[in-house]
Amino acid sequence: GGILMNKDNLKNSSPIQKNTLSVFQIAVMTTISVASLRTLPPMAEEGRASILMYIIPAILFLVPTSLVSAEFATTYKGGVYVWIREAFGNRMGFVAIWLQWIQNVVWYPVQLAFVAAALAFTINRGDLSNSGLFTAIVIIVVYWFSTFLAFKGGNLFAKVSSIGGMIGVLIPGAVLIILGLLWVAQGQPVSESYLQSSYIPKITGISSLVLIVSNVLSYAGMEMNAVHAGQMENPKKNFTKAIALAFILILCVFIFPTLSIAMAVPADKLGMANGIMVAFQEFFEKFHMSWMSNIMSGAMFFGAIASVVTWVAGPSKGLLDAGRTGLLPPILQKVNKNNIQINILIFQGIIVTILAMIYVLFPNVSDVFIALIGMAAALYVVMYMLMFAAVIVLRKKEPSIERGYKVPAVKFVSGIGFISCALAFIMSFVPTTNEAAIPRNMYPIIVAIVVFLLGIPPFVFYVFKKPSWDMRTTQEKGEKPIH
């Protein structure tokens, strides 16, 4: 999935583990966690312009987030909660981890709608991928199943995630590239929309700007992987190399399959949740191997499920660690015998179930999909803005602390990242299409209400918190959880 979460463990014994990770390993892990095939079809509609529309946000957002996360991860233990807390205090640290958690909760129904579409095509019922009811049922069943698996604890799924990433992202991506090359080699007809497109994005329509911005979200999740920077030999040199390699790999996974789809599939056939499956169908029917498209849909179904199962428990672990310092009401701090944050998981399951119901209310699956992505984007970029500000503040506040990796030209790099996020925040209130399920003039209001409702709880908790909410043992309180 595009947005992956790592188990944030504040109490890891030492940042240098014995099993060191190579440049290539980090690059592949990063690629799998960032690249997702889900975002390709809407970009394919842009034809040749998609190349720049991928490259621009990669430079303005992916590079700054990667570098800044690397500095944090090699300097402070733990994830965003610790990073932001060090710069702006406990309340803002809690807001940051809350935003990272809640945007992920909004993201689940999006990823699971993709699971539903892949399932529909795997069982030869592509028509179901446009059914809101079918989509909602799949979301709710798969989500609660994953949640019950998570209650059992034990990290069954760490291995599954990388295998799932290979099967669900890298292999289908490579197959699309090969199909595109075969298409050209055999002199098959190239779609009109592709031939008429130019390499320069049409900045005229605000919707292409919105697409560039939603691409900012396609590149989110880098801060999760930065945690592994400490497991490399000489992170200063090697992590920068790994990011450079990941940057190239991610662009390859995005750009070349997108161009393949754009050449072969007429733009009007590409839906939002099912577009990638439709593309495989078109290709394989042309090459008289339509059974292969079922196999590809099955692979993506498996990959997407693996990503959801793996990441159901992860982000809420960070929220629990922060909440235990007295920031979450005790009911949300409850853990079961396997030490899994059971009530947070139930709470997030209820939110996902409510969001899944939107698919039943608005039958057009694509529109709901786009609206949810916009809402998740708005919440997520606020956390990134805090992160970019924090790195500059901490350079001033703690100049002498030992940093494993230092961002070159930190003010410039962070400044670019911050401005990109601010723009993305504004753009997330703009509807992408004219013919949306949510009326154009209502769209910004609805997004604003949802963002407000989902963003406000940490401040409310902060106002009402009581000393009794602090569940840490005296030993834990004594531990300096900082460096």
Side-chain angles (χ1 to χ4, degrees), residues 1-4 27-66 107 110-111 114 164-181 183 193-194 197 199-201 208-222 224-225 242-265 267 270 272-280 283 296 299-300 303-304 307 369-370 373 377 380 420 424 432:
I3 305 167
L4 289 183
V28 168
M29 278 164 64
T30 305
T31 305
I32 288 175
S33 70
V34 171
S36 151
L37 299 178
R38 205 182 54 226
T39 46
L40 304 186
M43 289 297 288
E45 292 178 35
E46 304 295 322
R48 298 175 178 137
S50 64
I51 301 176
L52 269 181
M53 291 172 76
Y54 278 125
I55 291 174
I56 295 166
I59 293 169
L60 298 182
F61 176 78
L62 180 65
V63 172
T65 14
S66 316
W107 168 83
V110 175
Q111 179 72 347
F114 183 65
M166 292 290 284
I167 294 176
V169 179
L170 297 183
I171 294 172
V175 170
L176 275 173
I177 295 173
I178 295 164
L179 290 171
L181 290 169
W183 193 265
S193 48
Y194 181 79
S197 64
Y199 286 103
I200 309 299
S208 61
L209 271 177
V210 174
L211 256 182
I212 290 187
V213 167
S214 69
N215 270 356
V216 164
L217 248 211
S218 329
Y219 292 123
M222 281 304 284
M224 306 302 163
N225 264 325
I243 292 304
L245 181 57
F247 180 78
I248 295 164
L249 278 174
I250 289 166
L251 283 175
C252 290
V253 171
F254 277 144
I255 291 173
F256 295 115
T258 299
L259 294 179
S260 291
I261 297 173
M263 280 192 268
V265 186
L270 295 168
M272 187 78 186
N274 64 3
I276 195 91
M277 272 63 79
V278 173
F280 274 120
F283 269 122
M296 282 295 125
M300 287 182 292
S307 73
F369 204 83
I370 293 169
I373 290 176
Y380 209 6
S420 308
T432 36

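- Annotation for Pro172 and Leu37: closest pair CB-CD1, 3.5 Å, computed over non-hydrogen atoms.
- Proximity of a side-chain donor or acceptor of Ser66 to a complementary backbone N or O of Ile243 within less than 3.5 Å is not detected.
- Heavy-atom minimum distance, Pro257 versus Cys252: CD-O, 3.2 Å.
- Residues passing the side-chain contact (heavy atoms from CB on, under 4.5 Å) test with Val63 are Leu67, Phe247, sequence neighbours excluded.
- Across all their heavy atoms, Ala262 and Ala44 have their closest contact at CB-O, 3.4 Å.
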Exercise for the section: Could you check Ile51 against Leu251 for side chain to side chain contact (heavy atoms under 4.5 Å, CB included), going step by step and ending with a plain yes or no? Expected result: CA-CA 9 Å; Ile51 301 176; Leu251 283 175; over 6 Å; no
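- Qualifying side-chain contact (heavy atoms from CB on, under 4.5 Å) partners for Ala299, counting only residues two or more places apart in sequence or in other chains: Ile167.
- In this view, Thr258 and Tyr54 satisfy the side chain to side chain donor-acceptor pair (under 3.5 Å) rule, not counting sequence neighbours.
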Handout entry: Evaluation steps, side chain to side chain contact (heavy atoms under 4.5 Å, CB included), between Leu245 and Thr31
Key = CA-CA 9 Å; Leu245 181 57; Thr31 305; over 6 Å; no
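- Under a 3.5 Å cut-off, the side chain of Ser50 and the backbone N or O of Glu46 do not form any donor-acceptor pair.
- When all heavy atoms are compared, the tightest approach of Ala27 to Ala242 is CB-O, 3.7 Å.
- Atom CG in Leu259 sits 11.0 Å away from atom CG in Leu176 (nearest 0.5 Å).
- In this structure Leu179 satisfies the side-chain contact (heavy atoms from CB on, under 4.5 Å) test together with Val175, Phe280, Phe283, Phe284, Phe287, sequence neighbours excluded.
- Considering only residues two or more places apart in sequence or on other chains, Leu60 meets the side-chain contact (heavy atoms from CB on, under 4.5 Å) condition with Ile56, Ile416, Ser420.
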